[in-house]
Structure formats: C-alpha cells, structure tokens
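What follows is one structure encoded as structure tokens, with my remarks underneath.
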Amino acid sequence: MGLTDALNDRQKEAVLTTEGPVLVLAGAGSGKTRALTYRIAYLIGEKKVDPWNILAITFTNKAAAEMKTRVNDLVAFGAESIWVSTFHSMCVRMLRRYADRIGFDTSFTIYDADDSKTLMHQLIKSLDMDPKQYKEKGVLADISSAKNELITPEEFARQNAGDYRKMQIGELYTAYQDQMKKNNAMDFDDLIGHTVHLLETDREVREYYQEKFRYILVDEYQDTNTAQFRLIELLAGKYKNLCVVGDDDQSIYKFRGANIYNILNFEREYPGAKVIRLEQNYRSTQNILDAANGVIAHNEGRKEKHLWTQEGAGSRVRFCVYDTGRDEAEAVVKDIEKAVQEGTPRKECAVLYRTNAQSRAIEEACVAHDLPYRLVGGVNFYQRMEIKDILAYLKTIDNAVDDLAVQRIINVPKRGIGQTTINKLVVFGSANDMSFYDACRHATYIPGMGKAAAKVEQFVEEMEKYRQMADEEPLEDLIRAILKETGYQAELEAEGTVEAESRLQNLEELISKAVDFEKNKAEDVSLKDFLEQVALVADIDTVDPDADRVFLMTLHSAKGLEFEHVYMVGMDDGLFPSYRSIVDDDRDEVEEERRLCYVGITRAKRELLMTSARSRVINGETRYNKPSRFVEEIPDSVLTRNDESYGSYGSSFRSGDSYDGSYGNSWKSGNSFGRSRGDGEDSYGDGYSSWGRSRGGSSYGDSYGSGRGGASYGDSYGSSRGGQQAGSSFGHGHYGSVAYLERQEGLSQDVFDKKKPAKKKTENVYVTGKQLAASGKKQLDFQVGDRVKHVKFGVGTVAEIKEQPTDFQVTVDFDEAGTKKMYAQYTKLEKQ
DNA sequence: CGGTCACCAGTTTTT
DNA sequence: CTGGTGACCG
C-alpha cells in the first residue's frame with residue numbers, strides 16, 4: 001500500500017516535496033498534522049533519510065508527544081532518533097551541551113515566570129526605582145518583547161535613548177541579564193536567545209547542527225517570533241530543506257511576540273519556496289466553513305484561502321441574544337443538556353469565551369444543572385505554591401546555586417528567619433561574591449546576626465542532611481522526609497481547610513510524578529534530571545480522555561481542538577472584540593481578534609451557537625453592549641439569529657409556558673425570543689433551546705446524576721479562578737451514592753452561598769479527581785492474587801494490598817516489569 | 001515577625 | 001466583583 005493513498009492531492013504534494021523550502025498554508029481542519037507525519041514517514045521510508053537527520057519543532061509538549069506517537073505508528077524503525085521537540089526543549093538540549101561556549105555553565109538553571117518576577121523585584125529595589133512606576137510584570141513584558149526580537153540590552157538602550165522611562169527599563173534589562181548570568185540561569189526567552197547567540201558565534205556548533213538537521217519541519221509556524229525565526233534560519237542554513245506549516249488566519253499570539261510576517265513573508269525570505277495550500281476541510285460542515293470564511297475575509301493582508309468540504313451544508317449557525325450574562329449561561333447549559341440528551345457526548349461540547357473571568361457564570365450554570373464539566377486553563381500544576389515550595393527544597397538540595405529557591409524556603413515553614421535576616425545574608429553574599437546558600441553557611445561570621453545565626457545554621461544542617469539522603473534514597477522518600485521533618489505537611493494538616501487538603505493532594509501527586517519518573521528512567525536518575533524535566537513541563541497532561549464532560553476554555557486554549565458542538569459565548573462588541581482592540585489606532589488589533597473568532601468557529605464540527613448578552617457584569621460593573629461585529633460578518637445565508645425582532649414581536653410570546661420564572665427579567669423584557677413567523681411550527685417563543693425542533697419529551701432533569709460521569713462534575717468546581725483541571729481517572733461511577741450526594745450539596749452551597757464563610761471556599765485550589773477519591777475512597781475491583789493490567793508495565797499479579805487513610809497501596813508482581821508498588825488512586829489497574 | 005485591613009488593578013498563554 | 005499587595009499594628 002502506498003504511503004500517500006490516504007492523502008488528497010495537496011497533502012501529497014506537501015509530503016512529496018522534500019527538497020528545498022516549502023510553505024504549507026494549512027487551513028483549519030485540513031489535515032495538517034497528517035501531512036506532517038506522513039512527510040516524516042516518507043522521508044525515512046522512501047527517501048531513505050536517516051531519522052537522525054530530521055528535526056520537527058512544535059510549540060507545546062502535547063503537540064510534540066502527539067507527533068511522536070503518530071510518526072511512530074507510521075515508521076517501521078528509527079522514530080526515536082528523530083528530534084521531535086518543542087522550541088524550548090530543543091534549545092535546552094543544545095545548551096546543555098554547549099552553553100559553556102557562551103559563558104554559562106552547562107548545568108544552568110531555568111527560571112520560570114515567578115522566578116523572573118522575584119529577581120526583577122529585587123533589582124527594581126536595588127536600583128532604587130519606584131516599584132509603583134516600574135512594576136516587575138510590565139518591565140519583564142518589555143524585556144521579553146525585546147528578547148523575542150533579539151534586541152540586546154545595549155541595543156535596547158541605543159534604540160530608546162531619550163525616552164527616560166525606557167532607559168530605566170533598559171537599565172533593568174542590563175542588570176537582569178547580568179544577574180541571570182551570575183546565577184547561571186536562563187529564562188524561557190533566554191533559552192531561544194542564547195541558542196541563537198551560540199549558533200551565530202560558534203561556527204563549529206553551527207555547522208554541526210546544520211549538518212545534522214538536513215530536514216527540518218516546523219509546526220504552527222504562524223506562532224513563531226523573530227528569535228525563533230532566526231533560530232530556524234540558522235539551523236536550516238546549509239540544506240534549506242525546511243518545511244513550515246501554519247495558517248496566518250490562526251495567528252493569535254501576537255501579544256506574546258508571534259510575528260505574523262514570518263509566514264506572510266516566507267517566500268521573500270526563502271526565494272523559490274514552494275507554497276502549498278490545504279483548503280479541503282475534514283472537520284466541519286459547509287455552513288460553519290462559510291461562516292468562518294465570511295468573517296475572516298474582513299481581514300486585510302492575509303494569504304487568501306477558501307475552506308471547503310465534501311460534507312453537506314449541515315445546520316445553520318445560530319446566534320442568540322440574552323438579557324444578562326446569567327441568562328446566557330443558563331441557556332447555553334440548557335442547550336448542551338438537550339444535545340447530550342439527543343446523544344452527543346458531553347466531551348464533544350465546548351463552551352468558548354474570550355476571557356477566563358467569563359468561565360464563572362458558565363460554571364455556576366453547570367453546577368446548578370449538574371452538568372459535568374472540565375475547566376481548561378488557569379494556573380498550572382507546577383506553579384502552585386506548594387509544588388513550587390517543594391521544588392525549591394529539591395533545588396536547594398540539588399545544588400543550592402539557585403538563590404531564589406533557597407530564599408523561598410529558608411523560612412517555609414517558619415523557622416524564625418525573617419526578612420531582616422535574609423537581607424543581611426543577601427548583602428553578605430553579594431559583598432563576598434558567594435551564593436546566598438554559601439552566605440547561610442557563614443551565618444555565624446556575619447556581624448549583627450545575633451540569635452538568627454543559629455537558626456540559619458540549623459537550616460543549613462537540615463539541607464546538608466537531605467543532600468546526603470538524595471544520594472542514597474529514592475526521590476519519594478526524600479520528598480516525604482522533607483514534608484514530614486520540616487513540618488510542612490503538619491502545617492497543612494493543621495489548617496484543616498479544604499484548600500489545605502487539596503494542597504496535600506497536590507503534593508501526593510508530585511510524589512507520584514517523582515515515583516513514575518524514577519521507574520521509567522534507567523539506572524542513575526538524579527534529582528537534577530527530575531528537576532530538569534519538571535522545569536519544561538507546563539502542564540501535567542493528565543486530561544482523562546474517558547471522562548465525559550463539557551469543556552470550558554478560552555478561545556485561545558481551544559486552538560487545535562475540535563468539538564461536535566461549539567458554543568461561543570460573550571459575543572458582545574466590546575468584549576469580543578475587546579474594547580481595547582476597538583479603540584486602538586492599530587487596525588491589526590481587531591484583525592487579531594477576528595482571527596481568534598475564526599479559530600473559534602472552525603473548532604465546530606456540526607453545531608455552532610454564538611451568544612451575547614445585552615448587559616453583562618464585568619469587573620463589578622454592568623456593561624451594555626451590542627452584538628459583536630463578527631456576528632454581523634457572518635453571511636445571512638448560513639446564520640439564524642433571534643435578536644432582529646427586538647421590540648417588534650414581543651406579543652408573540654407564549655408567556656404561559658413551562659418555565660418557572662427562574663430567568664425572571666429575561667421574560668419580562670423578553671423581546672429577544674419573538675420571531676416573525678408565528679406559525680406555531682416553531683417553538684422559538686418559549687425558550688432558548690428549542691430552535692425549531694420539536695421539544696417533545698425533553699425533560700432536562702432526567703439525566704441528573706444518572707450518567708456515567710454524573711458524580712464527577714464537582715471535580716472542576718472550586719478551580720473556577722485559576723484552577724487548572726487536570727482531569728480525573730475516576731469518572732466512572734465508583735462513588736457510592738452517599739458520597740455523591742454530599743458532594744452535590746456541598747458544591748451547590750459553595751456556589752450559591754459564596755458570601756457566607758460558613759463553608760470553606762475552595763477557589764484557587766488545584767482540585768483533582770484525587771480529592772474526590774479522598775472523600776469516598778475508591779473501591780478496588782481486584783484483590784490479592786488477581787491478575788491486573790497496567791498501562792505501562794503490562795500484566796501482573798497482585799501481591800499485596802495495603803489500606804491507607806485515603807488510598808490503597810497495591811504491590812504488583814509484573815510479568816515483565818518486575819515488582820512495583822503503586823497507589824490505586826494514581827494508577828489505573830484493570831482486572832483481567 | 002506575622003497577621004489584618006485598605007487599596008488597586010484587572011485580555012489572551014506556552015515554555 | 002475578585003485577588004494580590006503594601007502599610008501598619010500587635
């Protein structure tokens with residue numbers, strides 16, 4: 001069978017054109033990943049290219065992982081020697097090898113955004129600048145933009161001579177880079193920038209990689225920034241077998257430095273580049289594509305594309321206006337319930353919004369309707385306080401060169417070492433050109449330390465003990481020892497709040513990550529390796545594909561995903577497009593929002609509902625908006641809207657209908673649901689969710705709690721502000737009904753009685769399915785002696801089951817992988 | 001040194 | 001409306 005049989009002509013072209021620069025303009029849903037993976041398979045299988053000579057770059061770990069898997073499935077051998085990696089991990093890999101050539105130690109540490117903030121905060125203070133005027137976040141944003149454009153501190157200063165504020169920021173930029181070098185640290189932007197610098201200045205290294213990477217592929221090319229562009233240019237400099245895949249219409253990351261001209265000017269930068277357009281869409285109905293095409297056509301300066309499909313027209317796109325944001329949320333949830341009842345899996349429904357703050361209204365409606373949902377986005381696992389604390393301990397134990405890490409934990413839990421003492425240590429350290437930790441070791445020699453010196457000494461002794469331990473004991477034991485002996489765990493346990501409980505659960509999860517890590521690695525895994533891996537992981541991607549829940553996420557997060565039913569809420573002019581983009585002189589701002597709208601529309605496979613609210617509370621104030629201009633840009637031929645009859649058809653209302661008034665004002669003012677045709681066939685007048693279908697037999701309440709995932713909706717609640725939902729492996733109805741009911745009540749209370757502190761709030765907590773397991777311990781469906789199957793380790797026999805307060809520890813003798821201990825909560829063991 | 005209260009700012013996000 | 005921060009007081 002020919003490899004390319006499964007491809008259309010354009011895709012084939014993208015696969016077969018292996019030599020020279022190629023730009024693949026891949027419209028949404030046009031089979032871009034397919035083309036990319038087949039291209040790799042073709043290179044190896046047909047062109048006999050050594051896998052070792054191939055580099056495939058993506059933006060996210062998830063995309064990299066997916067590509068690896070798919071290539072692996074297509075290629076007979078050698079897939080593991082292909083570099084399939086993100087920009088950042090590729091750079092780390094190169095820098096770990098050659099950073100010494102640009103003045104860093106190859107053991108450099110990687111700073112995340114928080115680390116950078118802490119450092120910048122210190123610098124602003126030490127340079128005597130007004131922290132009100134120079135906020136670390138803003139300063140860092142300016143610096144980041146500069147780095148994305150490969151502007152050095154010197155150049156920055158030169159460019160901004162005359163602008164006082166900018167010059168001050170330039171000072172900070174210089175100081176920041178100096179300090180980073182002293183700390184032997186790099187931030188995420190530096191990883192790219194320093195690699196570019198390395199390749200530019202070191203001919204040997206450059207030629208090595210140019211020779212190695214004869215074939216380069218870049219995914220999501222429209223998201224690259226100038227530094228990344230330059231990096232690719234350097235790597236592809238010799239062979240120029242560069243294939244970039246992207247869609248200028250889906251460029252939505254300008255705010256983080258993406259340069260849309262990288263794709264628009266590709267042909268200019270790479271003369272003779274072959275341009276291939278993938279316009280056949282395999283995802284959506286023609287009506288949805290027409291809507292998308294209609295909207296995006298309003299942008300100027302784009303590569304003309306026209307999506308089409310062999311599928312039929314499908315349903316029309318719907319647009320509904322409600323009186324308030326709450327009505328809108330209710331209506332959307334009702335529509336989803338209806339869809340679910342008609343057979344659409346919940347996980348095939350997604351509610352998309354412009355800003356994270358909008359999730360709250362939807363969440364509340366979901367909870368009120370017992371609709372299981374999964375919130376995507378917000379603060380990620382490794383940025384949670386407790387996780388960062390323990391990682392800071394591990395960093396301190398590992399090599400203590402990261403001053404920020406040491407300072408973070410020196411008084412956590414409280415050791416009576418206050419800011420004054422820390423300041424003295426910092427001063428002493430920098431005066432004597434030693435690290436903060438070394439300063440701690442010399443605490444007794446520091447004048448004016450007094451009683452604090454003994455405490456600092458005590459701290460150093462503790463750390464030294466752990467250092468010893470790290471060499472001899474498994475990671476798990478080390479982390480548990482830290483938690484126990486420092487009193488960190490005890491402190492959380494003493495708190496007794498839901499929040500503290502969830503932090504403990506998060507720590508358990510970290511431990512299980514460490515255990516996993518040690519199990520999967522070869523002999524000598526070091527603490528360093530673990531920290532390395534953790535540094536570049538943005539998200540513990542444990543989204544359980546089985547969990548059947550509605551997705552809630554921002555339009556940005558939705559990129560690359562697809563759903564049967566898509567709900568774009570908050571289609572208000574001023575919210576989307578945002579007010580800022582409308583008033584901005586730069587037309588491009590609205591164009592970026594329009595691209596975002598295009599991305600949202602093209603996520604939908606079958607049904608698309610857009611909604612808007614006449615009044616909406618944003619930041620505590622009520623705002624009144626018109627429908628989004630983007631709605632007006634959708635061709636009438638594919639759009640059904642219910643807002644045009646505003647005021648004229650109020651009387652066509654069937655006010656006696658079944659609703660109990662919970663939507664209050666939307667009924668009274670309810671002009672919104674009237675419609676011109678009063679022929680009775682339509683049931684528009686009576687509610688949100690009918691839309692010309694018969695309502696026969698629909699009763700929303702039926703499905704409550706009875707579905708498979710019925711018990712698990714609560715997973716997501718409580719993370720409404722910034723909680724990343726990691727998903728649960730327990731959405732299968734293992735809970736007893738008692739536990740479920742408790743959960744339900746607890747949550748409802750929490751939602752509707754927010755002002756009463758009676759129930760502990762659980763906001764801003766990383767809530768995982770594990771917590772649910774803690775409230776109703778999962779029953780095991782196997783016992784000692786049973787044969788079970790594990791995803792990674794294969795089949796084995798259960799040797800021992802130990803019951804623990806919140807979980808079962810299961811020991812399994814695997815046929816191939818040996819004996820492993822694992823927690824039932826964290827591991828899916830299937831009875832054979 | 002640590003806790004409480006008033007004030008302020010407030011898109012989108014990956015690594 | 002909220003969360004994060006800084007000043008002030010015990």
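Lettering of chains follows the sequences in order, A, B, ..., and the numbering in each one begins at 1.
- Looking at heavy-atom distances under 4.0 Å, A:S85 makes no contact with the nucleic acid at all.
- Nucleic acid contact class of A:S581 (heavy atoms, under 4.0 Å, all strands): none.
- Mapping A:L596 and A:G418 onto DNA chain B via the closest heavy atom, the residue that lands nearer the 5' end is A:G418.
- Of the candidates B:dT13, B:dT11, B:dT14, the closest approach to any side-chain atom of A:T60 belongs to B:dT14.
- Across the protein-nucleic acid pair, A:F188 atom CZ and B:dT13 atom P stand 16 Å apart, rounded to whole Å.
- Across C:dT2, B:dT13, B:dC1, the shortest atom-to-atom separation from the side chain of A:R360 is found for C:dT2.
- The CG atom of A:L575 sits 13 Å away from the C1' atom of B:dG10 (whole-angstrom rounding).
- Distance CG (A:D112) to P (B:dT13): 17 Å, rounded to an integer number of Å.
- Listed by chain and residue number, A:R230 satisfy the side chain to side chain donor-acceptor pair (under 3.5 Å) test with A:E233 (two or more places apart in sequence, or in another chain).
- Centroid-to-centroid, the aromatic rings of A:F104 and A:H197 stay 6.0 Å apart or farther.
- Looking at heavy-atom distances under 4.0 Å, A:F59 makes contact with sugar-phosphate atoms alone, never a base.
- By the side chain to side chain donor-acceptor pair (under 3.5 Å) test, A:S628 pairs with no residue at all, sequence neighbours left out.
- As rounded to whole Å, 21 Å separates atom P of B:dT11 from atom CZ of A:R595.
- The shortest distance between side-chain heavy atoms of A:L231 and A:L199 falls below 4.5 Å.
- Across all strands shown, A:T355 has heavy atoms under 4.0 Å from sugar-phosphate atoms exclusively, and none from any base.
- Closest contact between the side chain of A:S578 and the listed nucleotides B:dT15, B:dG10, B:dT11 involves B:dT11.
- The side chain of A:N225 places no N or O atom within less than 4.0 Å of a non-bridging phosphate oxygen (OP1 or OP2) of B:dT14.
- The listed nucleotides are B:dT11, B:dC1, B:dT13; the one nearest the side chain of A:F255 is B:dT13.
- As judged by a 4.0 angstrom heavy-atom cut-off over every strand, A:Y253 is placed among residues touching the sugar-phosphate backbone only.
- By the 4.0 Å N-to-carboxylate-O rule, A:D187 lies close enough to A:K147 to be salt-bridged with it.
- Checking the phosphate oxygens (OP1, OP2) of B:dT13, a side-chain nitrogen or oxygen of A:T554 falls inside 4.0 Å.
- Counting non-hydrogen atoms under 4.0 angstrom, A:I417 reaches the backbone sugars and phosphates but no base.
- Judged by closest nucleotide on DNA chain B, A:T420 is the one of A:K137 and A:T420 placed further toward the 5' end.
- Residues A:H298 and A:F630 keep their aromatic ring centres 6.0 Å or farther apart.
- Ion pairing of A:K32 with A:D247 is absent here, as no side-chain N (NZ or NE/NH1/NH2) approaches a carboxylate O to less than 4.0 Å.
- In this entry the distance linking CD of A:E364 with P of C:dT2 reads 9 Å, nearest Å.
- Atom CD1 in A:I110 sits about 13 Å away from atom P in B:dT15, given to the nearest Å.
- In this structure, A:K254 atom NZ and B:dT11 atom C1' are separated by 14 Å, rounded to whole Å.
- Taking side-chain N and O atoms only, A:N61 has a distance below 4.0 Å to OP1 or OP2 of B:dT15.
- Between the CG atom of A:N619 and the P atom of C:dG3 there is a distance of 13 Å, given to the nearest Å.
- Using a 4.0 Å heavy-atom criterion, one finds that A:E593 contacts the bases of the nucleic acid, with or without backbone contacts as well.
- Out of B:dT11, C:dG6, B:dT12, the shortest distance to the side chain of A:E589 is found at B:dT11.
- Residue-level contact check: A:N411 touches the backbone only, with heavy atoms under 4.0 Å from sugar-phosphate atoms and none from bases.
- Residue A:K414 places its side chain closer to B:dG2 than to any other of B:dT12, B:dG2, B:dT15.
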